[in-house]
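Worksheet for the structure shown next.
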2 protein chains.
Amino acid sequence: MKEHTEVTIYDIAKKLNLATSTISRALKDHHSISKKTIEKVKKTAEEMGYRPNNLAASLRSKKTKTIGVLLPTIEQPFLASLISGIEITAKKAGYNVIIVQSHDSYKGEVNLVQSLYNNRVSGIICSLAMETKDTSHFQLFIDSNTPLVFVDRVPKEEFNTYKVIIDNYNAGYKATKHLISQGCKRIAHLAAGSEFSIYYERKKGYLDALKEFNLPIEDELIVKLDGITLEEAARATNKLLDLKNPPDGIFAPGDILGVSAIQCAKKRGIKVPEDLAVIGFNNDPISQIIEPHLSTITNPGSKMGQASAEIILKTLKSKDKDEVKETRVLNTEVIIRESSKRK
Amino acid sequence: MKEHTEVTIYDIAKKLNLATSTISRALKDHHSISKKTIEKVKKTAEEMGYRPNNLAASLRSKKTKTIGVLLPTIEQPFLASLISGIEITAKKAGYNVIIVQSHDSYKGEVNLVQSLYNNRVSGIICSLAMETKDTSHFQLFIDSNTPLVFVDRVPKEEFNTYKVIIDNYNAGYKATKHLISQGCKRIAHLAAGSEFSIYYERKKGYLDALKEFNLPIEDELIVKLDGITLEEAARATNKLLDLKNPPDGIFAPGDILGVSAIQCAKKRGIKVPEDLAVIGFNNDPISQIIEPHLSTITNPGSKMGQASAEIILKTLKSKDKDEVKETRVLNTEVIIRESSKRK
DNA sequence: TTGTAGGCGTTATCAT
DNA sequence: ATGATAACGCCTACAA
């Protein structure tokens with residue numbers, strides 16, 4: 001078997017009696033190199049089977065053309081489309097994407113941040129792990145002037161970085177208001193996440209909508225979940241429907257939860273939406289499969305990914321780093337389907 | 001703002017009056033270095049805020065500890081869990097994962113293969129684009145002795161590489177046999193993909209099952225699809241149900257298709273499974289949301305990802321590359337749900 | 001328009 | 001157990 005040896009710009013230089021610098025420039029269409037030389041070099045490179053070594057180039061230039069993406073998981077439709085949006089945008093600009101999953105573990109996140117740094121990614125896009133309260137492990141990137149964008153699950157205000165989010169408070173408000181508009185008087189909420197999460201924002205929107213329309217806020221209508229699963233939501237929904245005075249509407253801050261609520265209600269012979277109107281969140285595929293189809297709030301994953309990547313690319317281009325980091329807030333929409341149409 | 005300067009092993013060496021080689025070894029717990037020195041080095045490194053530069057290490061050692069993953073898309077539950085399986089396994093071994101999407105374009109795939117090579121990935125895991133017929137663009141990796149594993153959508157026999165697949169023929173056979181066992185006599189098939197795809201294998205299994213049980217193979221019961229979408233499947237199902245002699249069972253080689261078939265039948269007042277039994281493929285989340293729940297074939301994405309990554313890692317470890325590349329065939333199972341229970 | 005030469009940060013090889 | 005030194009492949013001032 002023939003030994004494989006890498007063809008380098010040095011080999012091309014030797015063959016053409018040129019300097020490596022000329023080769024290097026020619027391969028990048030540097031303006032100072034004559035067209036003739038450029039063509040000749042490219043042709044020879046092709047013939048010799050030359051393949052640029054990005055590692056060497058990155059080491060020298062200190063530019064890796066790689067974006068690190070750190071997410072809780074990729075096995076959620078919303079996050080998968082987020083990644084897809086990032087990948088497409090990055091690729092267009094000639095960037096690669098390294099993807100790592102924290103599995104919602106704080107410790108995991110810290111390690112992965114280190115690892116991404118060690119790979120000298122050009123920028124990093126992150127959605128925080130559920131467990132994460134403190135974000136000092138990202139200081140690394142700030143100190144080294146590496147663009148950092150948080151998306152979806154972002155840190156608290158005080159941390160000055162780029163953010164790409166939706167207005168979770170407003171979305172929760174809109175979802176609840178929609179149920180109210182359908183005549184719901186006792187609207188329940190499945191409360192997920194911790195006090196510092198996007199779910200908390202959605203809950204605040206829910207609460208404020210109730211207040212605004214003079215509907216009572218009742219503790220028994222707000223059930224805490226231990227996780228975003230069908231099972232937890234089923235447990236919670238059963239609890240709600242067991243009440244003396246059960247709800248006539250549910251705002252579920254995730255489609256899995258909303259779907260589970262519907263399944264649960266149906267099993268008990270409770271009619272959706274007549275007896276119980278339900279609205280979810282995310283517009284996952286399952287929302288259009290469940291019967292009745294689940295009303296929901298759009299969560300523009302792909303656009304958020306695109307926006308995040310664009311911010312990274314823009315920041316890399318502009319030498320002067322602005323001290324005030326923008327926060328992009330993308331729009332959400334209420335999608336009304338059968339699960340909540342009562343009028 | 002203070003200028004950021006990288007701390008290198010050279011800086012540590014100077015501070016401790018040691019050679020860079022000693023530092024390098026100490027940081028990797030090389031056995032020839034005394035425990036005292038190792039501790040001292042690590043402590044100082046920590047204090048100085050040293051961060052290893054993987055790029056430099058990779059350039060020198062010619063080992064990137066990165067696995068390239070090339071897939072049609074990541075926005076499919078099956079492929080997302082495939083990636084997840086790869087990522088988890090790779091991470092355990094200290095490897096990173098670069099993910100790129102071909103979007104089923106042959107040209108895109110060729111470019112991405114080049115790009116991954118230029119990044120000198122340690123290994124590559126690929127599921128072929130729908131368009132891809134010829135796989136000569138992967139020769140690059142074979143010539144450079146880079147482990148290459150195809151998964152799910154793999155090239156034809158003649159290409160001697162590692163493969164991780166399920167037995168699509170057998171799965172199609174099992175799915176069809178199950179419908180037969182439920183008393184179906186006229187079983188239709190939604191035919192997706194090209195002649196060289198996994199879908200074709202599933203179809204062959206379907207055909208052979210019919211043959212084995214002496215059921216007639218009728219062209220009108222096999223409808224070609226132009227894509228794996230709800231719409232295409234709806235079109236096909238309507239066509240089938242419009243027949244003078246409509247089918248009493250459908251084998252859909254994907255859950256989206258099966259779900260669409262059920263929705264379609266329900267709209268027309270056709271009872272599933274009594275009038276029409278349906279079985280899908282993949283065990284996607286939607287299969288458990290649709291009413292009635294969709295029978296399906298498991299497609300072990302996560303395990304396939306894990307297996308693929310393991311092969312890469314194993315191959316990287318063993319110096320001697322075996323000339324015969326193994327093909328791992330993972331098990332599938334029939335999951336029987338309401339959509340096909342007629343007995 | 002092209003060439004020279006040094007360095008990016010690490011690891012490998014050969015010495016000591 | 002530790003050191004000295006040369007690569008790895010490319011880029012980029014500076015020179016010509």
Side-chain angles (χ1 to χ4, degrees), chain A residues 3-42 44-45 48-66 94 115 117-122 144, chain B residues 3-42 44-45 48-66 94 117-122 144 319:
Chain A
E3 260 322 291
H4 180 78
T5 15
E6 296 236 346
V7 178
T8 71
I9 54 171
Y10 182 78
D11 299 324
I12 304 176
K14 210 157 63 176
K15 185 152 192 175
L16 293 177
N17 264 317
L18 287 170
T20 57
S21 49
T22 307
I23 309 298
S24 175
R25 289 173 187 133
L27 288 171
K28 315 199 120 47
D29 292 307
H30 195 284
H31 61 272
S32 78
I33 305 290
S34 73
K35 277 204 177 159
K36 243 189 207 164
T37 312
I38 290 184
E39 257 179 58
K40 197 169 56 177
V41 169
K42 285 194 176 172
T44 318
M48 297 177 75
Y50 168 76
R51 305 287 165 198
N53 185 325
N54 288 352
L55 282 147
S58 294
L59 176 60
R60 180 58 237 248
S61 66
K62 303 207 170 200
K63 282 173 192 157
T64 52
K65 295 221 152 201
T66 298
S115 163
Y117 183 88
N118 293 350
N119 279 294
R120 299 299 189 270
V121 290
S122 296
S144 62
Chain B
E3 261 319 293
H4 181 79
T5 16
E6 297 239 344
V7 178
T8 71
I9 55 170
Y10 182 78
D11 300 322
I12 304 177
K14 212 159 58 178
K15 185 150 192 175
L16 294 177
N17 264 317
L18 287 170
T20 59
S21 43
T22 307
I23 309 298
S24 175
R25 287 173 188 132
L27 290 170
K28 311 199 124 46
D29 291 308
H30 196 283
H31 62 272
S32 79
I33 305 290
S34 73
K35 276 203 176 157
K36 244 189 208 164
T37 311
I38 290 185
E39 257 179 59
K40 196 169 55 179
V41 169
K42 285 194 176 171
T44 318
M48 298 178 73
Y50 168 77
R51 305 288 163 197
N53 185 324
N54 288 351
L55 282 147
S58 294
L59 176 60
R60 180 62 238 240
S61 67
K62 304 206 169 198
K63 281 173 194 159
T64 52
K65 295 222 151 202
T66 298
Y117 183 88
N118 293 350
N119 278 294
R120 300 298 190 270
V121 290
S122 296
S144 61
K319 290 286 156 196

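Residue numbers begin at 1 in each chain, while the letters A, B, ... track the order of the sequences. What's counted below: heavy atoms across the whole structure, side chains too, no hydrogens, waters or symmetry copies.
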So [Y] and [X], do their side chains get closer than 4.5 Å, heavy atoms only?
X	Y	value
A/I23	A/L18	yes
A/T64	A/N119	no
B/L59	A/N53	yes

**OP:** Measure the angle between the two terminal helix axes of the helix from C/dT1-D/dA16 to C/dT16-D/dA1, five base pairs each, and quote it to 10°.
**Re:** 30°
Value in whole Å for how far the [atom2] atom of [N] lies from [atom1] of [X]:
X	N	atom1	atom2	answer
A/N118	C/dG9	CG	P	14 Å
A/L59	C/dG6	CG	P	18 Å
A/I23	C/dT4	CD1	C1'	15 Å
A/Y10	C/dT4	OH	C1'	13 Å
B/I9	C/dC8	CD1	P	12 Å
A/D29	C/dT2	CG	P	13 Å
B/N53	C/dG9	CG	C1'	6 Å
A/K36	C/dT2	NZ	C1'	15 Å

Original post:
Is atom NZ of B/K42 surrounded by more than 12 heavy atoms (other residues, nucleotides or ligands) closer than 6.0 Å?
Top reply: yes
With a non-hydrogen cut-off below 4.0 angstrom, is [X] in contact with a base, only sugar-phosphate, or nothing?
X	value
A/S58	nothing
B/N17	sugar-phosphate
B/K28	sugar-phosphate
A/H31	sugar-phosphate
A/L18	sugar-phosphate

Indicate the atoms forming the closest heavy-atom contact of [X] with [Y], along with that distance.
X	Y	result
A/S122	A/K65	OG-N, 3.1 Å
A/T22	A/I33	CG2-CD1, 4.0 Å
A/Y50	A/L27	CE2-CD1, 3.6 Å
B/A19	B/A13	C-CB, 4.0 Å

Subject >> Charged N-O contact under 4.0 Å between A/R120 and B/E6 >> reply: yes
Subject >> Contact boundaries on DNA chain D for chain B, cut-off under 4.0 Å to non-hydrogen atoms >> reply: D/dA1 to D/dG9
Between protein and nucleic acid, restricted to nucleotides 12-16 of chain C and to nitrogen or oxygen atoms under 3.5 Å apart, what atom pairs and distances do you find?
{"residue": "C/dA12", "atom": "O4'", "partner": "B/R60", "partner atom": "NH2", "Å": "3.2"}
{"residue": "C/dT13", "atom": "O4", "partner": "B/R25", "partner atom": "NH2", "Å": "2.9"}

Original post:
Is the side chain of B/S61 donor-acceptor paired with the backbone N or O of B/A57 at a distance under 3.5 Å, no angle test?
Top reply: yes
Original post:
Would you say the side-chain atoms of A/S24 pair up with the backbone N or O of A/T20, donor to acceptor, closer than 3.5 Å?
Top reply: no
Original post:
Picking from C/dT10, C/dC8, C/dG3, which would you name as closest to the side chain of B/T8?
Top reply: C/dT10
Original post:
Atom NZ in A/K14, atom CD1 in A/I9: separation rounded to 0.5 Å?
Top reply: 13.0 Å
Subject >> Residue whose nearest DNA chain D nucleotide is more 5′ - B/R120 or B/I38 >> reply: B/I38
